[in-house]
Amino acid sequence: MDQTNLPPDFDSAYDKVMASHVREKRRDQDILQHVTDIIQMGSSAYREDSPNYLLPVIKQF
């Protein structure tokens, strides 16, 4: 990509957008983890060692 035609503050704006994207992605991941912790599929909720199968399924979409 020819960067000579970009505005002078492009890099700063790009970094801010990417930082926001990373924060949103992390927040979404935390929400999904919380939801899948609540919804335990195929095992009792009181078992600590039960694997969480729902999170990988949700991440596919």
Side-chain angles (χ1 to χ4, degrees):
M1 181 174 162
D2 183 18
Q3 295 185 351
T4 57
N5 294 329
L6 297 176
D9 293 329
F10 176 81
D11 288 333
S12 175
Y14 177 80
D15 290 341
K16 290 175 185 175
V17 168
M18 291 309 294
S20 176
H21 172 71
V22 169
R23 280 192 307 272
E24 283 188 33
K25 191 171 181 179
R26 189 175 308 127
R27 187 201 67 203
D28 292 348
Q29 178 69 25
D30 290 344
I31 290 169
L32 280 176
Q33 183 64 50
H34 181 70
V35 168
T36 58
D37 285 345
I38 292 171
I39 304 170
Q40 291 291 315
M41 296 186 61
S43 62
S44 300
Y46 62 85
R47 289 186 57 193
E48 292 291 327
D49 61 345
S50 61
N52 190 339
Y53 297 110
L54 186 57
L55 184 59
V57 171
I58 292 174
K59 283 183 179 180
Q60 294 296 317
F61 298 101

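F10 and M18 fall within the same hydrophobic cluster, defined by Ile, Leu, Val, Met, Phe, Trp and Tyr side-chain heavy atoms under 4.5 Å apart, directly or through other members.
Under the side-chain contact (heavy atoms from CB on, under 4.5 Å) criterion, S20 pairs with R23, E24, sequence neighbours left out.
Atoms CD and CD1, on Q29 and I31 in that order, are 10.5 Å from each other to the nearest 0.5 Å. Rounding to the nearest 0.5 Å places CZ of R26 at 14.5 Å from CD of Q33.
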